[in-house]
Structure formats: C-alpha cells, structure tokens
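Working notes for the structure below.
Worth knowing before you read on, the calculation uses all heavy atoms, side chains too, and leaves out hydrogens, waters and symmetry mates.
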Amino acid sequence: MRLVILMDNYVINRSYNLGEPAFSAYLESGGRKVLFDFGETGAFLANAGRQGLDLGAIDAAVLSHGHGDHSNGLGAWLEAFPPTASRPRPLLVHHPEAFHSKRFGDQEIGCAVDPAAIARGFELRPSRTPLDLGGNLVFLGQ
C-alpha cells in the first residue's frame with residue numbers, strides 16, 4: 001500500500017509542498033488508485049504533481065464529509081480533468097448528505113461546487129454503509 005498526504009495544514013518544507021487548513025490524500029493498493037478528499041482549493045493538485053502523481057488516472061475518490069475544507073477542491077479537480085470519451089468517470093463515494101448545506105451561524109461551510117458538475121465528472125455512489133473499493137480498500141460509511 002502507498003499513502004501520500006497531498007494536503008494538510010502542516011508542511012515541513014513550505015518550498016516543496018503547499019499547505020492549507022484542509023485535507024487530501026492519495027492511496028494505492030492492489031492496483032487501485034484512490035483520492036481521499038479534495039482539500040479547500042486546487043493546491044492538492046500542485047502537491048500531487050510535485051510527487052509525480054497523475055490524479056486524472058484515479059479509479060475512485062472518497063469524500064469523507066461535505067465540509068468545504070475537504071470538498072471544495074472538487075472544482076479544481078473537475079477543471080483539471082474534465083470528462084472525456086477516452087477517460088471513464090471515476091467513482092465518487094460519499095455520504096448521501098455530503099452535498100447538503102452545512103452552516104456555522106450564518107456562514108455556509110459546505111461544498112461550494114455545483115452538484116450537477118460533480119455528477120458530470122464522477123459516477124456518484126452515495127452510501128451510509130461500508131463499500132468495497134477494491135485493492136483491500138473499504139469506504140466505511142458513516
């Protein structure tokens with residue numbers, strides 16, 4: 001198994017990787033390539049490039065939950081890897097309520113990416129229960 005942290009709020013060498021108060025990781029196991037969360041911006045894409053990773057070749061993505069610091073980078077991924085006839089849409093596994101509004105007081109803190117755009121770029125698979133992603137990787141549901 002390979003695990004690469006693409007984004008978090010702590011970076012050892014700021015001249016190498018970008019950091020933001022967000023999270024994203026890349027996993028490879030049993031030939032499966034999975035993106036776990038998308039960070040707040042597209043900075044995770046730059047960090048993946050620095051690691052030599054092609055995030056356009058993922059088999060699946062998992063969204064841990066619908067807060068913007070884990071989901072707003074979806075827009076950057078969709079812009080970088082628009083759907084084409086030659087590249088199948090990867091699976092996006094998420095909780096059924098991940099794209100519902102999330103509020104902190106009067107501030108929206110949920111995913112700011114248009115759900116219709118997400119559906120064009122991914123095969124959506126909402127799940128409350130565990131789901132086998134292949135390669136000994138399992139989405140655990142809620």
Side-chain angles (χ1 to χ4, degrees), residues 1-104 107-142:
M1 176 180 280
R2 179 180 183 197
L3 168 66
V4 179
I5 303 300
L6 299 176
M7 180 55 62
D8 71 0
N9 62 348
Y10 178 77
V11 290
I12 294 172
N13 181 349
R14 291 193 185 274
S15 66
Y16 186 70
N17 277 329
L18 303 172
E20 63 186 13
F23 185 76
S24 180
Y26 172 84
L27 299 107
E28 278 185 33
S29 182
R32 298 288 289 173
K33 298 174 182 177
V34 177
L35 181 60
F36 185 84
D37 285 348
F38 297 82
E40 178 75 32
T41 68
F44 76 100
L45 294 169
N47 289 346
R50 290 178 173 132
Q51 299 289 332
L53 300 174
D54 176 9
L55 297 186
I58 61 171
D59 301 298
V62 172
L63 186 58
S64 66
H65 63 287
H67 287 154
D69 58 334
H70 293 257
S71 63
N72 284 341
L74 265 162
W77 189 93
L78 291 166
E79 187 175 307
F81 306 107
T84 66
S86 63
R87 185 183 60 79
R89 293 180 310 156
L91 182 69
L92 176 60
V93 180
H94 59 89
H95 187 278
E97 298 173 12
F99 301 115
H100 291 186
S101 177
K102 315 271 185 292
R103 301 201 68 78
F104 182 75
Q107 183 179 3
E108 175 62 42
I109 60 170
C111 183
V113 183
D114 176 25
I118 297 169
R120 285 191 298 273
F122 288 94
E123 177 190 331
L124 301 180
R125 183 81 49 87
S127 181
R128 293 181 191 274
T129 60
L131 182 66
D132 184 1
L133 300 174
N136 294 317
L137 299 171
V138 177
F139 171 75
L140 294 178
Q142 58 188 29

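The only member of V113, L92, D69, L45 that meets side-chain contact (heavy atoms from CB on, under 4.5 Å) when paired with F38 is L92.
Side-chain contact between L137 and F36 is absent, with no heavy atoms from C-beta onward closer than 4.5 Å. Counting heavy atoms from C-beta on, the side chains of F44 and W77 come closer than 4.5 Å. Residues L27 and L133 are not in side-chain contact: their nearest non-hydrogen atoms beyond the backbone lie 4.5 Å or more apart. At least one side-chain heavy atom of R128 sits less than 4.5 Å from a side-chain heavy atom of P96. Between V4 and R2 the shortest side-chain heavy-atom distance falls below 4.5 Å. I58 places none of its side-chain heavy atoms less than 4.5 Å from the side chain of F81. Under the 4.5 Å side-chain criterion, counting only non-hydrogen atoms from C-beta, L18 is in contact with R50.
With rounding to the nearest 0.5 Å, the separation of CG in L78 from CG in D114 is 9.5 Å. Distance CG/L6 to CZ/F23: 8.5 Å, rounded to 0.5 Å. In this structure, CG on L35 lies 7.0 Å from CZ on F122, to the nearest 0.5 angstrom. Distance check, rounded to the nearest 0.5 Å: OH of Y26 to CG of L3 gives 11.0 Å.
Looking only at distances, a side-chain donor or acceptor of R89 sits under 3.5 Å from a matching main-chain atom of A119. At distances below 3.5 Å, at least one donor-acceptor pair connects side-chain atoms of D59 with backbone N or O atoms of K33.
Within 6.0 Å of CD in E97 there are more than 12 heavy atoms belonging to other residues, nucleotides or ligands. Residue-environment remark: CG (D54) exceeds the threshold of 12 foreign heavy atoms within 6.0 Å.
Across all non-hydrogen atoms, the minimal contact from G135 to R32 is N-CG, 3.7 Å. Of all non-hydrogen atoms in A22 and E40, the two that sit nearest each other are CB-N, 3.4 Å. Across C111 and S71, no two heavy atoms sit closer than the pair CB-OG, 3.2 Å. The shortest heavy-atom contact between N72 and G110 is OD1-O, 3.8 Å. The two residues N9 and P21 come nearest to each other via the heavy atoms CB-CA, 3.7 Å. Looking at every heavy atom in both residues, N136 comes nearest to S29 through CB-OG, 4.2 Å.
The aromatic rings of H65 and H70 sit tilted relative to each other, their planes meeting at an angle between 30° and 60°.
For the 3.5 Å distance criterion, the side chains of D37 and S64 qualify, holding a donor opposite an acceptor.
With respect to the salt-bridge test (charged N to carboxylate O, under 4.0 angstrom), the residues E108 and K102 do not qualify.
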For this session: Take N17 and I5, measure what side chain to side chain contact (heavy atoms under 4.5 Å, CB included) needs, and give me the verdict at the end.
Result: CA-CA 10 Å; N17 277 329; I5 303 300; over 6 Å; no

